[in-house]
Amino acid sequence: MRPTSARVRPGLALALVVAAVLLAGCPAADPDGDFRPGAADVGDPYVPGAGNGGYDVEHYRLGVDYDPPSDRLSGRAVVTAVATQPLSRFNLDLHGLEVTAVGVDGDRARHRRDGDELVVTPARGLAQGSRFSVEIEYAGRPGTQVNSPLGSGGFLHTEDGAIALGQPYSAATWFPVNDHPSDKATYDIEVTVPDGLAALSNGVPGERSSAGGRTTWRWSERAPMASYLTTLVIGAYRVETGVHAGKPIVTAVPERLPATGPEAVSLARTGEIADFLAERFGPYPFDSYGGVAVSDPRVGYALETQSRPVYGPGFFRSGQPNFGVVVHELAHQWFGDSVAVTRWRDIWLNEGFATYAEWLWEEHQGGRPAQGTFELHYAMTDWSAPSLDPGPEHMFGSAVYQRGALTVHALRRAVGDQAFFAILRAWTAERRGGNGTTDDFVELAERVSGKQLDGLFDAWLYGTTKPAVPQPR
Ligand SMILES: [Zn+2]
């Protein structure tokens, strides 16, 4: 839903102004009258209902306890946020699960559920600009969320544990969250599971402790992270912990898969591939590296979960290593994760660059040059499907991936290699830890290259006829 305030009829607008003046002049006005509810979603038409308005989350401190045999999760979340308007109440997204207590700044708060919304009314209104913390205690059997183009997502109960994963959302199945990439935050995540099982998540691993037959795994992500990039993988995994380029690297493969199988061999090149990309995109943006392979066939995709992508089993079905998918998910650490979309209509900024990274890797490995891959896709592309604003049902379509990558290469041809890589590095440096839109990218590309490029981006991103290939001068 979108507020309709921009489309008020003139007569009604005048009446509203008169009413506002009358109210403002009324000495008996309620002193709390300024406080108003935060919006129940962020107004992104690709994900109706997702995210909320009225505040900006800075940090999530999550403590979850999961028992695989009963599929029961109990959690405590402390959400630190800043009010972006005077708030009488606000929403968090939470799918299923029962909330038993909510507090705001240490005082008990009223709460109710409205579908996937948790509506919190603090004892007192929250002033605009004030920092507040919300404590939520909750429990239950977590559920899945349908991410139709990608297959199953949300919280999947597996044979030996669970996998929480999914784009464009999944986080609300295991913690209360402002579930939209426009509100990034840092995270501390503690997961308690039965001894002998691993509990993998995002960021730098912390100390592990055991008590009463249960082990608590600790993870900390200090770079702002979009909520759909959080993950939780619980089960019997072979976990490898090491150091790469001075930072922790954690990879994991299910114990049931061979130690030298294609998953392990592919993930073992994570550090090397991240270095290859860093030479082209700028410094690796996070404090840790890694990756997790899962064997549950419901995960029909790989996802660039921050600092630790998760790879579904389909990529290794041939029995051969798959480095292309590792390149793709690691490229997202710059394009999609460190610099996230503000609205899903711009998802080509994620997928176009991750696909282009695969082209670069293939060339680097002595395979087809990027120019050759460009020519191949240029010949087969359906130009009637736009890359920018493809529509929610096509957000994972080939216009986003291949046409997005064609656009990236067209830019390279138009500005030359030196300006092209300078543009990529400027984008990842200037927007590191934040968000960006297509307009922001075009503006930056024009500034760095000194060329006018809006016509090029219009034609390559959403023109309906085959665009002319820019000829380098
Ligand atoms: Zn991708």
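Start at 1 and go down the list; that is how both ligands and their atoms are numbered. Just so we're clear, the structure is a prediction, and the values are computed from it rather than from any experiment. Atoms considered below: every heavy atom in the structure, side chains included; atoms not considered: hydrogens, waters and symmetry mates.
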Q. Hey, is Asp71 close enough to Arg141 for a salt bridge, meaning N to O under 4.0 Å?
A. yes
Q) Less than 4.0 Å between a side-chain N and a carboxylate O, is that true for Arg218 and Glu190? A) yes
Q | Aromatic ring proximity, centroids under 6.0 angstrom, Trp427 and Phe353 | A | no
(Q) In this structure, is the centre-to-centre distance between the rings of Tyr66 and Phe155 below 6.0 Å? (A) yes
Identify, by name, the N, O or S atom of [X] lying closest to the Zn ion (ligand 1).
X      : result
His328 : NE2
His332 : NE2
Glu351 : OE1

